[in-house]
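Only a predicted model underlies this, so the values are computations on that prediction, with no experimental measurement involved.
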There are 2 protein chains.
Amino acid sequence: MAEAYATLSRKEQVIRQAAELFKEKGYSASSMRDLAQKLGIEAASLYSHIKSKEEILRTLCFDMAAEFRASLAEVESQPVSASEKLRLGIIGHVKVMSKDLTAAAVFMNEHRHLSQPYLREFLLLRINYINRFKQFIEDGIASGDFKKNIDTKLAVMTLFSSLNWLPLWFSPESTIEPENLGTQLADMLINGLKQNA
Amino acid sequence: MAEAYATLSRKEQVIRQAAELFKEKGYSASSMRDLAQKLGIEAASLYSHIKSKEEILRTLCFDMAAEFRASLAEVESQPVSASEKLRLGIIGHVKVMSKDLTAAAVFMNEHRHLSQPYLREFLLLRINYINRFKQFIEDGIASGDFKKNIDTKLAVMTLFSSLNWLPLWFSPESTIEPENLGTQLADMLINGLKQNA
DNA sequence: TTCTTCCACTAACAGTTGTTAGTTTTGTTC
DNA sequence: GAACAAAACTAACAACTGTTAGTGGAAGAA
């Protein structure tokens, strides 16, 4: 099973296997001995590659965060309407998650086990990211693209709830491509299920 | 702090405090000594009231599940259109969660720590619940209420993602009432954000 | 008073946790 | 073959885990 990661450095292999373990059992319920077993080594041997269990979690969480930020920055730089930016932002978010669904699942579900000050830093990054999506929605309301009476906080939290659960149920064997998936998701959230009269 | 629950039996107090702890730190990261401390007693004393740590989780998860099922059954019995059933189902789901946001958070986030055969039973209940919502969407498409080209699996998972994250960010101090919240959420998912031309 | 129910206590268990120190094996490069 | 770095090993640590056994006190009913 480790052969699939043969080209990765040993440290990267450790982190990848840890991501799978954390996703499956949760960070706290995953022991270093579990992780070692997945790699076919002793628990103590892990410390030749990583400093601590939490360092793995930090790497996973902050690497994902950086990818999300880069994706959003690119969208913001484009000369399109707010509603189109929202659409592109959603597609970008889905694309980033699709590149590593396992890490994405850990990112969203296990970040709370970070200790301070990393947890605080992580949450600040996240609130910033969310607020920039919220801005798209507010701009879209101001321009008349979106309905006037929308509760923007509710809207943006609903949006992220949908996006963030995706890694938990979406299987990579699915035939649907990330781009297509993102497009459908964006359409659903922006246009709704209802047939336009 | 335990005074707020003064009218509850001691066992109910234990379960309530456990729910808060599990929500905050997660099931695995919560120790029985943590829980005992919240109640001002020793860890061993907890076992006068409960059989095991997992029994608490089971109680929380299956009690919530029963409430969700009851809510859905009522909706299904009503003589209304599929799209209206979907709307009422969403509102009902939000109402049930709002009655106990803490238990709802544990229900959605920590159920995976149930051991067999309880986990299997829980997942069966959940898939059944989800499929009944999926049926609303399929019926809505068949009747022409909803768009023809909807991916129903994607739609229903998006729906539940939105609903299930609610307990994590929605604060009970909010002025918005459950009924209103449910209505807004249903409107957003069914009609979308976009202004109808 | 005595009996019973509830609820707490102390003491201890066997197993698991993340991590360390120091050592040895393995594979590559000179 | 010597030297070197990478990566594994054994042994052990202190702390923490859920849980059991047995005990005692307090409140209400008989």
Side-chain angles (χ1 to χ4, degrees), chain A residues 1-22 24-61 106 110-116 118-119, chain B residues 1-22 24-61 106 110-116 118-119:
Chain A
M1 79 193 38
E3 296 99 24
Y5 304 133
T7 62
L8 299 176
S9 79
R10 198 65 173 138
K11 177 168 183 176
E12 281 166 330
Q13 289 177 41
V14 168
I15 291 172
R16 278 289 210 291
Q17 292 283 354
E20 286 183 21
L21 191 62
F22 294 171
E24 267 175 51
K25 307 182 60 173
Y27 177 77
S28 289
S30 301
S31 78
M32 296 303 272
R33 284 166 181 83
D34 289 339
L35 175 55
Q37 200 177 17
K38 282 195 91 169
L39 289 153
I41 60 177
E42 292 296 317
S45 309
L46 292 166
Y47 291 83
S48 304
H49 308 288
I50 49 105
K51 289 197 195 70
S52 67
K53 184 184 180 188
E54 205 195 314
E55 188 207 40
I56 303 176
L57 183 61
R58 275 205 299 273
T59 303
L60 288 167
C61 287
V106 172
E110 309 300 331
H111 69 258
R112 62 167 155 176
H113 294 109
L114 290 169
S115 65
Q116 299 293 6
Y118 305 100
L119 179 58
Chain B
M1 68 193 54
E3 296 98 22
Y5 304 132
T7 60
L8 299 176
S9 78
R10 197 67 172 137
K11 177 169 183 173
E12 280 167 331
Q13 290 177 41
V14 169
I15 291 172
R16 279 289 211 287
Q17 293 283 355
E20 288 184 19
L21 191 63
F22 294 171
E24 267 174 50
K25 308 182 59 172
Y27 177 77
S28 289
S30 302
S31 77
M32 297 303 272
R33 285 167 180 84
D34 290 338
L35 176 55
Q37 199 177 17
K38 282 195 91 169
L39 290 153
I41 60 178
E42 292 297 316
S45 309
L46 291 167
Y47 292 83
S48 303
H49 308 288
I50 48 108
K51 288 197 195 70
S52 68
K53 185 184 177 186
E54 205 195 314
E55 188 207 39
I56 302 176
L57 183 62
R58 273 204 301 272
T59 303
L60 288 167
C61 288
V106 172
E110 309 300 331
H111 68 258
R112 62 168 153 174
H113 294 109
L114 289 168
S115 65
Q116 300 292 7
Y118 304 102
L119 179 59

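Residue A:Gln37 contributes atom CD, which lies 16 Å from atom C1' of D:dA8 at whole-angstrom precision. Straight-line distance from the NZ atom of A:Lys11 to the P atom of D:dA8: 14 Å, rounded to whole Å.
More than 12 heavy atoms of other residues, nucleotides or ligands shown are found within 6.0 angstrom of CD on B:Glu55.
In this structure, a donor-acceptor pair under 3.5 Å is present between the side chains of B:Gln13 and B:Arg10.
Set against D:dC9, C:dG18, C:dC9, the side chain of A:Ile41 has D:dC9 as its closest nucleotide. You'll find that the side chain of A:Ala44 is closest to D:dT10, out of C:dA8, D:dA12, D:dT10. Comparing D:dT20, C:dA21, D:dA7 by their nearest atom to the side chain of B:Tyr47 picks out D:dT20. Counting only heavy atoms from C-beta on, B:Ser52 has its side chain closest to D:dT19 among D:dT19, C:dT19, D:dC9. Across C:dT19, C:dA12, C:dC9, the shortest atom-to-atom separation from the side chain of B:Arg33 is found for C:dA12. Of the candidate nucleotides D:dG18, C:dT17, C:dA21, C:dT17 has the atom nearest to the side chain of A:Ser31. For A:Arg10, the side-chain atoms get nearest to D:dA7 when compared with the rest of D:dA7, D:dT10, D:dT20.
At a cut-off of 3.5 angstrom, the base of C:dA8 holds at least one donor-acceptor pair with the side chain of B:Ser48.
Position along DNA chain D of the nearest nucleotide to A:Ala43 versus B:Tyr27 favours A:Ala43 as the more 5'-ward residue.
Residue contacts shown for A:Ser28 are absent, as no nucleic acid heavy atom lies under 4.0 Å away.
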